[in-house]
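Take a look at the structure set out below.
Values reported hereafter were calculated over all heavy atoms of this structure, with side chains retained and with hydrogens, waters and symmetry mates removed. Protein chains get the first letters and strands the later ones, always in sequence-line order, with residue 1 at the start of each.
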Amino acid sequence: MSLCPIKYLSSTFFDRPTEVVARNLLGKMLVRILFTKLGKTERLSGIIVETEAYGSKNDPASHAYRGISPRNVSMFGQVGRAYIYFTYGNHYCLNVCARSNRLEAGAVLIRALEPVEGIGRMEIFRKSNDVFSLTSGPGKLTEALDITRRFDGEDMTNPQNILHIEHGLDPSNVVKTARIGISRALNKKWRFVIGGEIEGRLSKYASRRTYRHFD
DNA sequence: TCGATGATTGAG
DNA sequence: TCAATCATCGAA
């Protein structure tokens with residue numbers, strides 16, 4: 001008889017400074033449970049290879065900078081829960097609420113995954129067979145895993161839930177840079193990416209457009 | 001109510 | 001490099 005390993009992340013994992021959580025989320029597994037027509041379940045999953053931290057009043061680039069609103073309530077709620085928003089009229093972005101108890105809001109944007117389970121299903125959702133473009137961006141991975149705002153507020157620490165995070169392997173090599181796609185607070189190095197096989201490179205599954213952005 | 005903006009993406 | 005596309009938010 002073997003002991004069942006603890007797969008989920010406890011909420012204390014997310015109860016730390018947002019940038020620390022962002023760094024430590026690398027290597028973890030994002031899991032989406034899909035229910036098929038025949039009543040069966042299917043797992044879509046991937047290793048988190050790229051994240052960004054967003055704060056509140058301390059961070060002009062954050063959605064929470066100007067306080068609470070209907071869109072960003074999840075950034076002010078319980079840590080470990082999903083904050084999902086719609087942007088550019090096309091895409092959903094997935095975050096996990098995370099902050100030390102000194103801040104009033106915070107979240108970690110999940111920017112890219114290395115696909116693991118359910119790749120065939122992701123290819124259908126994405127209408128693409130290129131494994132390197134399936135989940136290599138925040139808007140791509142939500143499309144690949146069929147994640148929309150209907151999961152906003154989901155408790156991602158509960159492994160029973162449709163959307164949750166499980167333990168994985170800790171990366172040996174992590175690159176830290178400024179965040180992508182923002183115009184303010186460019187001084188903060190709050191983007192974290194798993195390094196590639198070649199020294200000085202990023203994971204092949206990191207967001208493409210930003211492949212060369214690092215210091 | 002109105003206009004500007006955006007934590008993006010795919011095509012050219 | 002650029003347009004698509006629309007929810008959100010602050011200003012009027």
Check your understanding: Heavy-atom contacts under 4.0 Å between residues 120-131 of chain A and DNA chain C, which residues?
Key -> none
Review point. Does any N or O in the side chain of A:Asn90 come within less than 3.5 Å of the main-chain N or O of A:Tyr88, such that one atom is a donor and the other an acceptor?
Key: yes
Check your understanding: Cut-off 3.5 Å, side chains only: do A:Thr148 and A:Arg150 have a donor facing an acceptor?
Key -> yes
Check your understanding: For B:dA7, what is the paired nucleotide under Watson-Crick or G-U wobble rules, both distances under 3.5 Å?
Key -> none
Check your understanding: Of the nucleotides C:dA4, B:dA7, B:dG6, which has the atom closest to the A:Asn90 side chain?
Key -> C:dA4
Point to revise | Length of the OH-P vector between A:Tyr92 and C:dA7, whole Å | key: 9 Å
Review point. Would you say a side-chain N or O of A:Ser69 is under 4.0 Å from OP1 or OP2 of C:dC9?
Key: yes
Check your understanding: Can you check whether A:Leu109's main-chain N or O pairs, donor with acceptor, with A:Glu52's side chain at less than 3.5 Å?
Key -> no
Study note, to complete from the structure: Rounded to whole Å, OH of A:Tyr85 lies from P of C:dC9 at a distance of 13 Å
Point to revise | Phosphate contact (B:dA7 OP1 or OP2) by A:His63 side-chain N/O below 4.0 Å | key: yes
Exercise for review: Step through the shown structure and confirm whether more than 12 heavy atoms of other residues, nucleotides or ligands are within 6.0 Å of CZ on A:Arg121.
Suggested key: no
Check your understanding: Looking at C:dG10, C:dT5, B:dT8, which one has an atom nearest to any side-chain atom of A:Arg66?
Key -> C:dG10
Point to revise | NZ or CZ of A:Arg149 within 45° of A:Tyr83 ring axis and under 6.0 Å | key: no
Practice item. Starting from P on C:dC9, measure out to CD1 on A:Ile68 and report it in whole angstrom. Key: 11 Å
Review point. Which of the following nucleotides, B:dG6, C:dA7, B:dA7, is nearest to the side chain of A:Tyr88?
Key: B:dG6
Practice item. Would you tell me if any nitrogen or oxygen in the side chain of A:Ser183 comes within less than 4.0 Å of OP1 or OP2 on B:dG6? Key: yes
Exercise for review: Would you classify A:Ala107 as touching base, sugar-phosphate or nothing, given that sugar-phosphate means primed atoms plus P, OP1 and OP2, and contacts are heavy atoms under 4.0 Å?
Suggested key: nothing
Check your understanding: Using a cut-off of 4.0 Å on non-hydrogen atoms, how would the nucleic acid contact of A:Arg71 be classed: base, sugar-phosphate, or nothing?
Key -> sugar-phosphate
**Study point:** Distance in angstrom units between A:Leu25 CG and B:dA7 P, rounded
**Key:** 20 Å
Practice item. Would you kindly give the CD1-to-P distance between A:Ile180 and B:dG6, to the nearest whole Å? Key: 15 Å
Check your understanding: Should A:Arg23 and A:Asp170 be marked as a salt bridge (Lys or Arg N to Asp or Glu O under 4.0 Å) after you check the CA-CA gap, both sets of side-chain angles, and the distance that decides it?
Key -> CA-CA 10 Å; A:Arg23 162 64 182 79; A:Asp170 290 328; over 6 Å; no
Study note, to complete from the structure: Of the listed B:dT8, B:dT9, B:dA7, the closest approach to the A:Met75 side chain comes from B:dA7
Review point. In whole angstrom, what separates A:Asn95's CG from B:dT8's P?
Key: 11 Å
Practice item. Return no unless some side-chain N or O of A:Arg111 is found under 4.0 Å from OP1 or OP2 of B:dT8. Key: yes
Practice item. Measure from CZ on A:Arg184 to C1' on B:dG6 and round the result to the nearest Å. Key: 11 Å
Review point. With sugar-phosphate meaning primed atoms plus P, OP1 and OP2, does A:Phe86 contact a base, only sugar-phosphate, or nothing at under 4.0 Å between heavy atoms?
Key: sugar-phosphate
Check your understanding: In terms of side-chain heavy atoms of A:Pro70, which of C:dA4, B:dA7, C:dC9 is nearest?
Key -> C:dC9
Review point. Relative to the ring of A:Tyr205, is the ring of A:Phe132 parallel (under 30°), tilted (30 to 60°) or perpendicular (over 60°)?
Key: tilted
Practice item. Take atom NE2 of A:His91 and atom C1' of C:dA4, then tell me their distance rounded to the nearest Å. Key: 9 Å
Practice item. Indicate whether the side chain of A:Thr18 and that of A:Arg99 have a donor and an acceptor atom separated by less than 3.5 Å. Key: no
Review point. At under 4.0 Å between heavy atoms, what does A:Ile182 touch on the DNA or RNA strands: base, sugar-phosphate, or nothing?
Key: sugar-phosphate
